[in-house]
Amino acid sequence: MATLELQRPRGTQDILPKDSAKWQVVEAAAHRVAQSFGYAEVRTPTFEHVEVFRRGVGDATDIVEKEMYEFKDHGDRDLVLRPESTAAVARALLQASAFAEPPVRLYYMQSHFRYERPQAGRLRQHTQFGVEVYGAGGPLADAEVIALAQSFLAELGLRNLSVRLNSIGDAQCRPAYRAALVAHLEGHREELCADCQRRIERSPLRVLDCKKEGCRRVVAEAPQPIDHLCEDCLRHLEGVEAALFALGISYARDGSIVRGLDYYTRTVFEIQYAKLGAQSTVCGGGRYDGLVEALGGAPQPGVGFGLGLERLLLTLEEESLLPADRSAVDVFVAAIGEELGNEALRIAQLLRGHGLRVEQDILARSLKAQLRRAQKVGVAKVVILGPQEFARGVATVRDMVSSAQEEVPIDQLAARITAPVRE
RNA sequence: GUGAAUGUAGCUCAGUUGGUUAGAGCACCAGGCUGUGGCCCUGGGGGUCGGGGGUUCGAGUCCCCUCAUUCACCCCA
């Protein structure tokens, strides 16, 4: 492939007609399911002040430390293309004083930007469908959010994805657990990989998720978050599990689910699809009771998830759950001779007025070429308008499947060609 | 940021140990059929062989650099 002078930026995608229909299927399902749970859509700016994410997501996270697209505008403001939406939505709610009437249930579907090396299921611009619930601190909110994600995936035909659930504690019990974990890891520092040795100080919980053999052995002996939960956190986790059981949603406890963003507390969960390769997590979420306070508001419990639509599309593709391409038009109006071009336009317009999807020739090509085009776009009928018919006030209607033709008075075309049933 | 693989028509790919004007299939356009799609036949348009540099009488082929893509690590959706 010859290199174009101008190509799309690395890690971005063009969604061409071949794929845009698939996106529309997924987007429609997201709106439908979210609204069926009583969630309303929220949209936030594509760029925000850097502080929103420094304080919301956490200064020491990879996202903030090295993945943000930051820039200064002409007013010398420090801005950033939003790397995620949870902190941005919280900022928006705070600004609108929207926490007054809990619970607040919202969903979003928008792009995020992170400077990373692209690979399967990971892009520099990606789209997440996500939900946020504020003002509800109990386990029912967590379960509702998981049920929403699960319903959305089921709506698209996906079954048997695995729901992994864990709790990473809260401000009461996490510090003590963290200290216990660090002490254990320090004792086995030599057995850990270089990355994990660095993680001991920076983010010890992340070691739990390391796939390296040596680290796994150390982790197997390490104190687990679940055993160090305070009474409130444990009761919360059990409440979530009881709710999931009541809903018939199967899940597995997974102590390695830790999540990377600072704002998570208590519940964390992922929904995974193994065939996606290294990026198997389609949906990730959890509870973030400290987020609003970190942004400068009065404390507000919150819970939600983010679901990567590009990864979801990969999954649907893999499972053959995307609809086959369907014909985009019902009727093609062909004109013989340039003089009839305007008349063909008029007839096409007339038919559109009757609910048909209609394309007409605009290249003044041979009838043969026009019919080839009509077949290519998959129409059921072609209206052929030639000088001979036009002189008599009729047009030929050709059925592209049976090849049968009949002459129809032009003013009766709309009545004769009825719109096909579309699901 | 680290590692590996791959870049030849719009697409999928051939291209011998370096050797004349770089090919095929599909797609596209036209003609055969001067007003009728699919099948068939014939013809046509389309390539700075990703880019730059080097070795050589000669580079798509060998070497170096670079860019892009893909996969993995890190991390995450």
Side-chain angles (χ1 to χ4, degrees), chain A residues 1-13 16 18 57 60-67 83-86 108-130 149 193-196 198-199 202-203 206 209-212 257-261 270-273 276-285 304-315 332 334-337 340 363 365-390 395-405:
Chain A
M1 169 196 341
T3 305
L4 268 51
E5 199 178 339
L6 293 174
Q7 314 185 46
R8 80 182 87 89
R10 181 157 208 209
T12 62
Q13 275 185 327
L16 299 173
K18 182 167 60 70
V57 177
T61 57
D62 278 17
I63 288 181
V64 170
E65 220 170 45
K66 49 190 202 193
E67 294 178 2
E84 60 109 54
S85 282
T86 294
Y108 60 82
M109 195 154 24
Q110 50 192 19
S111 293
H112 303 116
F113 308 84
R114 296 179 195 169
Y115 189 83
E116 301 187 271
R117 285 280 284 265
Q119 68 185 75
R122 199 177 61 195
L123 298 159
R124 289 185 172 178
Q125 174 176 358
H126 77 277
T127 313
Q128 281 184 43
F129 162 49
C193 69
D195 283 330
C196 284
R198 234 176 308 114
R199 288 181 182 124
R202 275 195 58 208
S203 51
R206 215 71 67 67
D209 196 25
C210 187
K211 287 131 205 146
K212 301 237 168 54
I257 303 291
V258 291
R259 313 265 73 219
L261 284 44
E270 293 186 359
I271 301 179
Q272 300 174 349
Y273 177 70
L276 276 186
Q279 263 61 44
S280 60
T281 299
V282 173
C283 174
F305 68 76
L307 198 152
L309 295 191
E310 287 81 2
R311 285 184 191 176
L312 175 62
L313 263 321
L314 289 177
T315 305
F332 188 94
I336 298 163
L340 289 172
L363 293 176
R365 293 200 291 191
S366 68
L367 179 60
K368 183 189 179 75
Q370 294 183 55
L371 282 168
R372 209 183 303 132
R373 166 72 187 182
Q375 176 186 294
K376 201 188 156 211
V377 298
V379 301
K381 306 270 191 193
V382 175
V383 173
I384 300 170
L385 185 68
Q388 292 161 23
E389 294 98 325
F390 186 59
T396 298
V397 175
R398 180 178 180 84
D399 184 300
M400 291 300 276
V401 178
S402 68
S403 295
Q405 295 194 170

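Just so we're on the same page: letters track the sequence lines, and every chain starts at 1.
For A:K66, the salt bridge (charged side-chain N to carboxylate O under 4.0 Å, His left out) test picks out A:D62, with sequence neighbours left out. Judged as a side chain to side chain contact (heavy atoms under 4.5 Å, CB included), and not counting sequence neighbours, the contacts of A:E116 are A:E67, A:R114, A:R122. Here A:Y108 pairs with nothing under the side chain to side chain donor-acceptor pair (under 3.5 Å) rule; sequence neighbours left out. Applying the side chain to side chain contact (heavy atoms under 4.5 Å, CB included) rule to A:T12 yields the partners A:R8, A:P9, A:Q125; only residues at least two apart in sequence or on another chain are considered. Shown here are the side chain to side chain contact (heavy atoms under 4.5 Å, CB included) partners of A:L363, two or more places apart in sequence or in another chain: A:D361, A:R365. Under the rule for a side chain to side chain contact (heavy atoms under 4.5 Å, CB included), the partners of A:R10 that lie at least two apart in sequence or sit in another chain are A:R117, A:P118, A:R124. With sequence neighbours excluded, no residue satisfies side chain to side chain donor-acceptor pair (under 3.5 Å) with A:S280. Qualifying salt bridge (charged side-chain N to carboxylate O under 4.0 Å, His left out) partners for A:E84, counting only residues two or more places apart in sequence or in other chains: none.
B:G51 and B:U56 have their P atoms separated by 23 Å, with the value rounded to a whole Å. Straight-line distance between the C1' atoms of B:U21 and B:C29: roughly 25 Å, to the nearest whole Å. Spacing of P atoms, B:U48 relative to B:G23, comes out at 15 Å, to the nearest Å. Comparing the same atom, P, in B:C11 and in B:A77 gives a spacing of 34 Å after rounding to whole Å. Here, B:C41 and B:C26 have their P atoms 9 Å apart, quoted to the whole Å. Taking the C1' atoms as reference points, B:U61 lies 30 Å from B:G44, given to the whole Å. Across the C1' atoms, B:C49 and B:C62 are found 16 Å apart, a figure rounded to whole Å. Nucleotides B:A4 and B:C64, compared at atom P, are 13 Å apart to the nearest Å.
The closest side-chain donor-acceptor pair between A:H126 and A:Q128 falls under 3.5 angstrom. Between the side chains of A:T396 and A:Q405, not a single donor N or O lies within less than 3.5 Å of an accepting N or O.
Applying the salt bridge (charged side-chain N to carboxylate O under 4.0 Å, His left out) test to residues at least two apart or on different chains, the pairs with a partner in residues 369-381 of chain A are A:E359-A:R373, A:K381-A:D399.
Each of A:Y115 and A:V401 was matched to the nucleotide of RNA chain B holding its nearest heavy atom; the match closer to the 5' end belongs to A:Y115.
Annotated stems with RNA chain B as a participant read B:1-7 with B:67-73, B:10-13 with B:23-26, B:28-32 with B:40-44, B:50-54 with B:62-66, given as range with range, by first number; only runs of 3 or more Watson-Crick or G-U pairs under 3.5 Å qualify.
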* Asked: How would nucleotides 26-36 of chain B be written as a contact map, 5' to 3', with B for base contact, S for sugar-phosphate-only contact and - for no contact, using protein heavy atoms under 4.0 Å?
  -> --SSS----BB
* Structure fact -> Reading nucleotides 69-77 of chain B from 5' to 3' and marking B where a protein heavy atom lies under 4.0 Å of the base, S where only the sugar-phosphate is that close, and - otherwise, the string is S-SBBBBBB
